[in-house]
Amino acid sequence: MAKKNMAEMSFLDHLEELRWLLIRSTIAILAGATIAFFFSDFIFNEIIFGPKSVDFFTYEFFCDISEKFGLDESLCVKEINLPIQNREMGGQFSIHLWTSITVGFIFSFPFILWEIWKFISPALYDSEKKYASAFIIISSLLFFIGVLFGYYIIAPLSVQFFASYIVSTEINNSIDITSYISLMKTSAIASGLLFELPIIIYFLTKLGLVTPDFLRKYRKYTLVIVLILSAIITPPDIISQVIVAIPIMILYEISILISATVMKKQNKTTDLTNY
């Protein structure tokens, strides 16, 4: 069936829809932030500061793996010396507030996706609109998996590396709370958004901006970039770099398959139309 005629809506109508999308999304984030604000003890002590402890799940898991397969003991974390300080009068309150907002954004992400889908749905075919539930579920699942990957893999590896990195014995680490929280938020949110790559590639292919041939052509360059990024954010050992790089490259390969599937369906539809 044909798409809805977008000309029926004026530019101001689109702006009004966008405004309400932002308002409803903001309300959802603030609602989640309000709930998170009252669970600060658990969020900070058990979650955010979890990677500061040597008995954190990730460290124990990697150590067990290295012992089981007789690998280098560099994956076994014996000590993490990472004192954290606050240097601003309202620093702890500010961190409490913005961390709550970040948690609110994470948990309201499915609702935000639903709002985005409603905003773009008028431009879709009727046959495409029926995939709303699948879009929300798959996109949300990928995002949450990415957040968990950032929290359990990238964040602890980064914390362990930077906490143990010494350029001179004359320098004592006393990390500012804003720096530590920034590392945790960036690891989780950036990974969550990165795991949306298959969804992004799907829409870019639908718009004709990306093709599977293009993705295959630049696969080797992507691998190099991923390995470089892995080397930057992880300890300087090949095992940690591979642990980070493998899931990202798997996502890239899945994106190629998705792009190829979309192109195949579009070409089939075009052939039938021409026929």
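- Criterion: ILVMFWY side-chain heavy atoms under 4.5 Å apart, direct or through other members. Under it, Ile29 and Leu22 are part of a common hydrophobic cluster.
- With contacts defined as side-chain heavy-atom distances shorter than 4.5 Å, the pair Met249/Val226 qualifies.
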Applying salt bridge (Lys or Arg N to Asp or Glu O under 4.0 Å), run through Glu17 and Lys118 and close with a yes or a no.
CA-CA 9 Å; Glu17 287 295 322; Lys118 288 197 302 181; over 6 Å; no
Between Tyr151 and Phe57, does the ring pair (Phe, Tyr, Trp, His ring centres under 6.0 Å) criterion hold? Intermediate values first, please.
CA-CA 11 Å; Tyr151 176 72; Phe57 168 80; over 10 Å; no
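- At a threshold of 4.5 Å between non-hydrogen side-chain atoms, the residues Leu183 and Ser179 do not count as touching.
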So Glu196 and Phe109, side chain to side chain contact (heavy atoms under 4.5 Å, CB included) or not? Walk me through it.
CA-CA 12 Å; Glu196 294 294 309; Phe109 191 75; 4.1 Å; yes
Go through the steps for Tyr221 and Tyr218 under the test ring pair (Phe, Tyr, Trp, His ring centres under 6.0 Å), then give the verdict.
CA-CA 5 Å; Tyr221 302 108; Tyr218 289 97; 5.7 Å; yes
Going through the distances and angles, do Arg87 and Gln85 end up as a side chain to side chain contact (heavy atoms under 4.5 Å, CB included)?
CA-CA 6 Å; Arg87 298 182 300 164; Gln85 65 174 343; 3.7 Å; yes
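- Between Pro156 and Tyr59, the closest side-chain pair of non-hydrogen atoms falls below 4.5 Å.
- When all heavy atoms of Ile84 and Phe49 are compared, the pair lying nearest together is CD1-CE2, 3.7 Å.
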From CA spacing to verdict: side chain to side chain contact (heavy atoms under 4.5 Å, CB included), Lys206, Val262:
CA-CA 7 Å; Lys206 293 282 289 184; Val262 172; 3.6 Å; yes
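- Closest of all the heavy-atom pairs between Pro51 and Tyr180 is CD-OH, 4.0 Å.
- Here the side chains of Asn86 and Phe93 are not in contact, with every heavy-atom distance at 4.5 Å or above.
- From Ser191, atom OG reaches atom CZ of Phe143 across 10.0 Å, with rounding to the nearest 0.5 Å.
- Residues Ile171 and Phe162 share a hydrophobic cluster, clusters being chains of Ile/Leu/Val/Met/Phe/Trp/Tyr side chains in contact below 4.5 Å.
- Between Tyr152 and Phe56, a ring centre-to-centre spacing shorter than 6.0 Å is recorded.
- Side-chain contact annotation: Asp176 with Thr178, donor-acceptor N/O pair under 3.5 Å present.
- If you take CD1 on Ile101 and OG on Ser108, they are separated by 11.0 Å, rounding to the nearest 0.5 Å.
- Note that OG1 of Thr205 is 15.0 Å distant from NZ of Lys264, once rounded to the nearest 0.5 Å.
- When all heavy atoms of Leu82 and Ala163 are compared, the pair lying nearest together is CD1-CB, 3.9 Å.
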Given side chain to side chain contact (heavy atoms under 4.5 Å, CB included), test Ile181 with Lys185 step by step and report yes or no.
CA-CA 6 Å; Ile181 295 293; Lys185 289 195 297 185; 3.8 Å; yes
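- Here Phe195 and Phe149 bring their ring centres to under 6.0 angstrom of each other.
- A chain of hydrophobic side-chain contacts below 4.5 Å, direct or via other Ile, Leu, Val, Met, Phe, Trp or Tyr residues, connects Ile35 to Phe44.
- The cluster map of Ile, Leu, Val, Met, Phe, Trp and Tyr, joined by side-chain heavy atoms under 4.5 Å apart, puts Phe107 and Leu30 in different clusters.
- Between Tyr202 and Pro198 there is no side-chain heavy-atom pair separated by less than 4.5 Å.
- Rounding to the nearest 0.5 Å gives a distance of 10.0 Å between OG1 of Thr102 and CD1 of Ile43.
- One hydrophobic cluster, built from ILVMFWY side chains closer than 4.5 Å, cannot hold both Phe135 and Leu257; they sit in different ones.
- Considering only heavy atoms from C-beta on, Asn173 stays 4.5 Å or farther from Asn81 through its side chain.
- Residue Glu253 qualifies as enclosed at atom CD: its count of foreign heavy atoms under 6.0 Å is above 12.
- Shortest non-hydrogen contact noted between Leu197 and Ser255 is CG-OG, 3.5 Å.
- One distance of note links CG of Leu141 with CD1 of Ile145; it measures 4.0 Å at 0.5 Å rounding.
- A pairwise comparison of heavy atoms in Val210 and Phe214 identifies CG1-CD2, 4.4 Å as the closest pair.
- A heavy-atom distance below 4.5 Å is not found between the side chains of Trp117 and Leu113.
- Looking at every heavy atom in both residues, Ser40 comes nearest to His96 through CB-NE2, 3.3 Å.
- Looking at Arg216 and Ile256, their side chains come closer than 4.5 Å, going by heavy atoms from C-beta outward.
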